[in-house]
Amino acid sequence: MEVSAFQSSAANISRVSSDGKGDEPDGRAHERALVARAKDGDRDAFGALYREHVGAVARLVRFRLGREDEDAVSEVFLRAWRGLATYRDTGVPFAAWLYGIARHVAVDALRASVRTEPRAELPDVEVEPMTAELMTLHDAIEQLPTEQRQVIELKYLVGMSNAEVAAAMDASPGAINAKQWRALKALADVLEERS
Amino acid sequence: MTLQPDPAAVMVHERLERAVAGMPTPDVEAGWAALAAQLEAPLAPVVPLRRPSRGRTVALAVAAAMMLAGSAFAAVAHFGDGRATHIEPVATPVGAPVTGPHAHAPFTGPPHTGPTADHDRTDGGSSATGGDGSDSGASDDGTSASSGDDGDGSAKPGDDPNDRDQGTGNDGEHEDHGGGNDGAEDSSHSGSEH
């Protein structure tokens, strides 16, 4: 019983929490068409891209900042809209491009929060259990090498498939699968050290 | 044969999935409405850092006019009376001595070419040198050219690398500072040279 559940989990690792949009060619072609229309200034097409990717961007921003930040999410898509003219479709998924922008926005938001005046006393707000779990995972992932951290974030937070991560990182899907295993093992070691 | 995954890695995988699934889903339509309003807002106009100003143009024009006026005034002051300043060429006599801080001493004649007694030499730096070092300062063989006229202390292709007489005319390995002997002389004879 336990073994079968274990094998089921292992088999599911390669299809992580994706909504199934990336693996099929039609979805990829549809996304390319939307991006091309958005580059021409079609706001409706950009709206469709927003609806498709805002969940992943919001997860990534929350994971990076440790809090929900609607302004940061909007900033990601605002920069994407203004930078669409320079976007070149080289086979890398659009989500990977958004992921790069989101990382920069998160860094800027963290710097801005550091520059603000520190409070004498922290507000007495209870931290949610889920937030505490996210912070624990975030701190552990930050200890990983860059490549392993990117694999974890792209697969679990952005929700990419192995093929999409492979296209984004210029590697084969098999190599990405191996990197994911190594990253998970390293993450387990870090979490064990911390506990 | 399939590779069995690490149980710890599988546990972390499930933990990550649970954490991600527990994240709240954003309000997509409200977020898009707010974003669409920002998309319509025009970008801030680009303002160049140095705009052309009337004051700077006037200042440059005044400066140029003053420069032209100054040049014209200088031309009128020098040539306005109709007489162009004529500079006569200065003729220098051939035999006139040249004076000045960089003038060299006049050439007084060819160097001695024959055997010369030491007591005849008063310009040991400029006279012929090249004694063989065995004459005890009695005479020179006169076969070597003088290097004392160079006198600038710089190395020449024919200079003796061991020459330390600062170009005063001696080529041998001695340090009599222009006393006129060339060979590796005995120091007891140096007093008779002067």
Side-chain angles (χ1 to χ4, degrees), chain A residues 5-13 16-17 43-44 46-48 50-52 54-59 61-63 68 70-71 73-78 81-82 128-131 133-134 136-138 140-141 152 155-159 178 180-192, chain B residues 1-69 71:
Chain A
F6 170 79
Q7 287 175 342
S8 170
S9 295
N12 286 337
I13 279 182
V16 176
S17 66
R43 287 176 57 242
D44 291 337
F46 189 71
Y50 173 87
R51 292 181 182 89
E52 193 170 352
V54 68
V57 170
R59 282 195 298 270
V61 166
R62 175 168 184 174
F63 191 73
E68 287 187 54
E70 294 178 0
D71 291 339
V73 175
S74 295
E75 179 66 19
V76 172
F77 284 95
L78 209 56
W81 172 254
R82 290 170 182 165
E128 300 175 14
M130 182 53 69
T131 303
E133 169 72 354
L134 283 177
T136 302
L137 289 171
H138 174 265
I141 289 174
I152 293 290
K155 288 219 63 169
Y156 290 92
L157 295 172
V158 183
Q180 180 188 355
W181 275 111
R182 281 197 292 272
L184 288 172
K185 180 66 174 67
L187 190 56
D189 292 342
V190 172
L191 287 168
E192 189 175 351
Chain B
M1 178 180 176
T2 58
L3 194 64
Q4 284 296 321
D6 190 331
V10 174
M11 286 183 64
V12 171
H13 159 74
E14 291 176 344
R15 193 172 166 181
L16 278 169
E17 280 206 321
R18 275 198 306 272
V20 170
M23 286 185 181
T25 306
D27 188 346
V28 176
E29 292 309 320
W32 171 246
L35 180 64
Q38 294 182 46
L39 295 184
E40 289 177 352
L43 293 175
V46 177
V47 179
L49 292 177
R50 291 180 62 86
R51 287 179 294 181
S53 64
R54 173 171 294 183
R56 190 166 69 246
T57 306
V58 170
L60 287 172
V62 168
M66 288 177 69
M67 192 174 68
L68 286 174
S71 301

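Every chain is numbered from 1 and lettered A, B, ... according to where its sequence line falls, protein lines coming before strand lines.
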After noting the C-alpha distance and the side-chain angles of B/D6 and A/L184, does the key distance pass the side-chain contact (heavy atoms from CB on, under 4.5 Å) rule?
CA-CA 9 Å; B/D6 190 331; A/L184 288 172; over 6 Å; no
My understanding is that only residues two or more places apart in sequence, or in another chain, count here; which of them pass side-chain contact (heavy atoms from CB on, under 4.5 Å) with A/R43?
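With sequence neighbours excluded, A/R43 shows a side-chain contact (heavy atoms from CB on, under 4.5 Å) to A/W81, B/A36, B/L39, B/E40, given in chain and number order.
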Interatomic spacing from CZ in B/R18 to CG in A/L137 - rounded to 0.5 Å
9.5 Å
What distance do A/F63 atom CZ and B/M23 atom CE have between them, rounded to the nearest 0.5 Å?
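A/F63 atom CZ to B/M23 atom CE measures 6.5 Å (nearest 0.5 Å).
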Is there side-chain contact between [X] and [Y], with heavy atoms separated by less than 4.5 Å?
X: A/I141; Y: B/L16; answer: yes
X: A/L191; Y: B/M11; answer: no
X: A/R62; Y: B/P24; answer: yes

Go through the atoms of A/E68 and report whether side chain, backbone, both or neither lie under 4.5 Å from a heavy atom of chain B.
side chain
Based on non-hydrogen pairs under 4.5 Å, which of A/L187, A/V73, A/L78 is most in contact with chain B?
A/L78
Please lay out, stage by stage, how B/R15 and A/T136 fare under the test side-chain contact (heavy atoms from CB on, under 4.5 Å).
CA-CA 11 Å; B/R15 193 172 166 181; A/T136 302; 3.8 Å; yes
Out of A/L134, A/L157, A/V158, which residue meets the side chain to side chain contact (heavy atoms under 4.5 Å, CB included) rule with B/V20?
A/L157
Heavy-atom closest pair (B/A9 atom, A/A188 atom, distance to 0.1 Å) is N-CB, 4.5 Å
